[in-house]
Amino acid sequence: MKAGVVVFPGSNCDHDCYHVLKHVIGADTVFLWHKDTDLQGVDLVVFPGGFSYGDYLRCGAIAKFSPIVNEVINFAGNGGHVLGICNGFQVLTESGLLPGALLRNRSLKFKCEYVNLRVDNTDTPFTNLYAAGEVVRIPIAHAEGNYYIDADGLKSLEDNRQVVFRYCDDNGTAEDDSNPNGSLGNIAGIVNKQGNVLGMMPHPERCAEGVMETRDGYFLFESIAKFIGGCK
């Protein structure tokens, strides 16, 4: 697997993603500048967390006009795999690669903490190494992670099993008390209908090694690496 990590002005989790993919997973990994129009033959594109273009207007609203985003849209349309984390998830919704929108947290405060997630769909290239219903702990760090979609859109997500992660308690129950940002349906991550584009607010790259509080994020990267193949 060859992976590309997109760098926008304001990205700050790009090196974290690069490190995990290259040094932990063993994937051939390159940085992709936001003005690039050549994806360098990658199999996986990662939109990392951060504050692309300073989050002016709305998070991800300016990044979607970067030349590389058009290339990634074409790449995804041809079946290429795309992962958006936090600000990357916001870029995916703004660019139309995923439905819905990320609103301000209901507390109107920035949230930075470990949260529980229930893995609701393990039939994706990104989650095949998790167990169905497994509760994992992965950190969040955002002010605009409140996922919203209209009623018809939510029904479509549920009917097509596009909800991959939900915020939950220690027992896997997705209740309001375990929802850190007011996200509709406790949604923390979704895939597109084809299953090749995943967006999620939590940061798996921040818990992919044994020195961290958990290693639960490792298995997301290992899942996609094994699905695509070709890692060391």
Side-chain angles (χ1 to χ4, degrees), residues 5-20 34 46-64 66 69 82-95 97-120 126-127 135-149 154 157 162-169 174-191 197-208 212-214 216-217 220-221:
V5 180
V6 177
V7 181
F8 297 103
S11 295
N12 63 19
C13 299
D14 42 357
H15 282 266
D16 298 345
C17 290
Y18 180 95
H19 166 69
V20 171
H34 71 114
V46 178
F47 286 145
F51 302 90
S52 58
Y53 296 91
D55 279 352
Y56 292 114
L57 298 182
R58 292 186 310 275
C59 303
I62 300 177
K64 72 177 180 181
S66 289
V69 173
V82 181
L83 169 63
I85 301 169
C86 198
N87 190 231
F89 188 9
Q90 294 158 349
V91 175
L92 290 176
T93 57
E94 288 289 339
S95 64
L97 279 168
L98 288 175
L102 282 310
L103 309 180
R104 293 290 303 274
N105 297 345
R106 60 183 169 185
S107 65
L108 302 181
K109 296 180 179 178
F110 186 89
K111 302 281 286 188
C112 182
E113 60 191 24
Y114 267 84
V115 297
N116 290 326
L117 301 177
R118 188 180 70 207
V119 186
D120 274 11
F126 304 92
T127 54
V135 176
V136 298
R137 284 182 61 75
I138 295 180
I140 58 170
H142 59 248
E144 290 91 8
N146 181 355
Y147 183 77
Y148 175 78
I149 194 168
L154 180 61
L157 287 180
Q162 289 174 248
V163 179
V164 177
F165 297 112
R166 293 184 203 270
Y167 303 108
C168 68
D169 64 15
E175 294 183 327
D176 193 58
D177 288 347
S178 56
N179 189 334
N181 51 35
S183 186
L184 190 66
N186 281 46
I187 290 173
I190 62 171
V191 288
V197 179
L198 169 69
M200 60 189 297
M201 289 311 298
H203 286 263
E205 80 281 8
R206 295 185 181 180
C207 57
M212 309 304 288
E213 181 171 321
T214 76
D216 290 344
L220 185 142
F221 294 101

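Using a distance-only test at 3.5 Å, with no hydrogens or angles considered, a donor-acceptor pair links the side chain of Gln162 to the main chain of Val191. Looking only at distances, no side-chain donor or acceptor of Asn105 sits under 3.5 Å from a matching main-chain atom of Ser107.
The side chain to side chain contact (heavy atoms under 4.5 Å, CB included) check on Cys86 picks up His142, Met201, His203, with sequence neighbours excluded. By the side chain to side chain contact (heavy atoms under 4.5 Å, CB included) test, Leu184 is found to be paired with Ile149, Leu154, residues two or more places apart in sequence or in another chain being considered. Residues that satisfy the side chain to side chain contact (heavy atoms under 4.5 Å, CB included) test with Asn186, not counting sequence neighbours, are Arg166, Tyr167, Ala174, Ser178, Asn179. Evaluation of the salt bridge (Lys or Arg N to Asp or Glu O under 4.0 Å) rule for Asp177 yields no partner, not counting sequence neighbours. A search for side chain to side chain contact (heavy atoms under 4.5 Å, CB included) contacts involving Thr214 returns Tyr114, Arg137, Cys207, Asp216, not counting sequence neighbours.
Using a 4.5 Å heavy-atom cutoff, the side chains of Glu205 and Phe221 are in contact. Annotation: side chain of Val135 is in contact with side chain of Cys168 (closest heavy-atom distance under 4.5 Å). Taking 4.5 Å as the limit, every side-chain heavy atom of Cys13 sits out of range of all side-chain heavy atoms of Ile85. For the pair Asn87 and Phe51, the minimum side-chain heavy-atom distance is 4.5 Å or more. In this structure, Ser66 and Tyr53 have side chains that are in contact, with non-hydrogen atoms separated by less than 4.5 Å. Inter-residue side-chain proximity for Phe165 and Val115 is flagged as unmet; no heavy-atom pair is nearer than 4.5 Å. For the pair Val164/Phe126, no side-chain contact is recorded, criterion being any heavy-atom separation below 4.5 Å from C-beta on.
Residues Leu98 and Leu198 come closest through the heavy atom pair CD1-C, 4.1 Å. Nearest heavy atom pair, residue Asp14 against residue Val5, reads O-CG1, 3.7 Å. Here the closest heavy-atom approach between residue Val91 and residue Ser52 is recorded as CG2-OG, 4.3 Å. Shown here for Pro202 and Leu117, the closest heavy-atom pair between the two residues is CG-CD1, 3.6 Å. The two atoms that bring Glu113 and Pro180 nearest to each other are OE2-CB, 3.9 Å, heavy atoms only. Residue Gly50 comes nearest to Asp55 through the heavy atom pair O-OD2, 4.4 Å, listed as atom of the first residue, atom of the second, then distance.
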Residues 57-64 side chain polar contacts: donor-acceptor under 3.5 Å, at least two apart:
| unit_1 | atom_1 | unit_2 | atom_2 | d |
| --- | --- | --- | --- | --- |
| Arg58 | NE | Glu94 | OE2 | 2.9 |
| Arg58 | NH2 | Glu94 | OE1 | 2.8 |

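Residue Leu102 holds its CG atom at 7.5 Å from OG of Ser183, rounded to the nearest 0.5 Å. With values rounded to the nearest 0.5 angstrom, Lys109 atom NZ is found 14.5 Å from Asn181 atom CG. In this structure, the separation between CD1 on Ile187 and CG on Asn146 is 10.5 Å, given to the nearest 0.5 Å.
Using modelled atom types and a 3.5 Å distance limit, the side chains of Thr93 and Tyr147 yield no donor-acceptor pair.
Screening Ile140, Leu220, Ile190 for a side chain to side chain contact (heavy atoms under 4.5 Å, CB included) with Met200, the sole residue that qualifies is Leu220.
Atom OH of Tyr56 has 12 or fewer heavy atoms from other residues, nucleotides or ligands within 6.0 Å.
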Exercise. Please step through side chain to side chain contact (heavy atoms under 4.5 Å, CB included) for the pair Val69 and Phe8, ending with a clear verdict.
Key: CA-CA 11 Å; Val69 173; Phe8 297 103; 4.1 Å; yes
